[in-house]
Amino acid sequence: YDPWWRYMGFTTQQALEANLDESSVDFEAGVKGVRLIDNPEHSANMWNKYTFTDGRLKGWDIGLGINWFGSRQAEAAIDNGLRRRVTGRFRADFAQRFVVNTALGHKRKIGRATWNFRLNINNLLDDRKDERIVYTGIVGTSTGAPARSLVYYNPRSWQFSVGTKF
């Protein structure tokens with residue numbers, strides 16, 4: 001029995017589009033095939049859990065997970081006749097982002113039942129927002145103006161659960 005449990009994945013926008021194109025909607029407005037706001041082109045994740053099988057820590061397990069999201073658009077490049085990416089002023093893209101999650105668990109037999117106690121902590125680093133400001137020109141003027149992109153994320157959270165098998 002291998003006490004290490006691992007999970008890894010990698011996704012590209014092109015791979016998703018090959019199976020089911022959820023990133024575009026065609027309602028005759030020029031959005032078909034356009035990557036939508038806050039949708040990274042690439043992402044990857046890894047989860048690793050170690051279960052102690054002997055000694056004083058027998059029955060305990062610890063886990064660590066990391067999610068990576070590539071840079072994301074803050075504004076969709078849709079040409080509706082009023083704004084064009086090549087001539088208009090657009091918001092800055094969001095930078096890549098890492099999210100760290102962790103877990104601690106204990107499995108114990110009490111009577112005839114096996115109990116599993118688990119504490120999960122999501123967004124361990126408490127990354128709450130991303131803000132980018134770029135200065136770009138406005139069509140028809142010679143001045144630069146700030147274009148701000150702002151997104152909020154879920155704060156650090158925890159979940160304690162108890163399960164049993166009998």
When you measure from the side chain of [X] to the backbone of [Y], do you find a donor-acceptor pair of N or O atoms at a distance under 3.5 Å?
| X | Y | value |
| --- | --- | --- |
| Asn101 | Asn123 | yes |
| Thr102 | Gly63 | yes |
| Thr114 | Lys165 | no |
| Asn120 | Ala103 | no |

> With a 4.5 Å limit on heavy-atom distance, are the side chains of Lys129 and Tyr152 in contact?
Replying inline: yes
> Just wondering, do Asp127 and Arg97 contact through their side chains at under 4.5 Å, heavy atoms?
Replying inline: yes
> Does the side chain to side chain contact (heavy atoms under 4.5 Å, CB included) test come out yes or no for Val99 and Phe69, once each step is laid out?
Replying inline: CA-CA 8 Å; Val99 178; Phe69 304 96; 4.0 Å; yes
Rounded to the nearest 0.5 Å, what separation is found between the [atom1] atom of [X] and the [atom2] atom of [Y]?
| X | Y | atom1 | atom2 | value |
| --- | --- | --- | --- | --- |
| Leu64 | Lys49 | CG | NZ | 13.5 Å |
| Glu41 | Ser71 | CD | OG | 8.0 Å |
| Phe52 | Asp54 | CZ | CG | 10.0 Å |
| Phe98 | Trp68 | CZ | CH2 | 7.5 Å |
| Asn122 | Asn67 | CG | CG | 9.5 Å |
| Arg128 | Arg156 | CZ | CZ | 7.5 Å |

> Would you call Asp61 and Lys107 a salt bridge, taking side-chain N to carboxylate O under 4.0 Å as the test?
Replying inline: no
> Once the angle between the rings of Phe117 and His106 is folded into 0 to 90°, is it parallel (under 30°), tilted (30 to 60°) or perpendicular (over 60°)?
Replying inline: parallel
So with a 6.0 Å cut-off around [atom1] of [X], is the heavy-atom count from everything else above 12?
| X | atom1 | result |
| --- | --- | --- |
| Phe160 | CZ | yes |
| Arg108 | CZ | no |
| Asp126 | CG | yes |

> Any idea which heavy atoms bring Phe166 and Ala113 closest together, and the distance?
Replying inline: CB-CB, 4.1 Å
> Which atoms form the tightest heavy-atom contact between Pro40 and Gly70, and what is the distance?
Replying inline: CB-O, 3.6 Å
> Between Ile121 and Leu125, is there a shared hydrophobic cluster once you connect ILVMFWY residues whose side-chain heavy atoms come closer than 4.5 Å?
Replying inline: yes
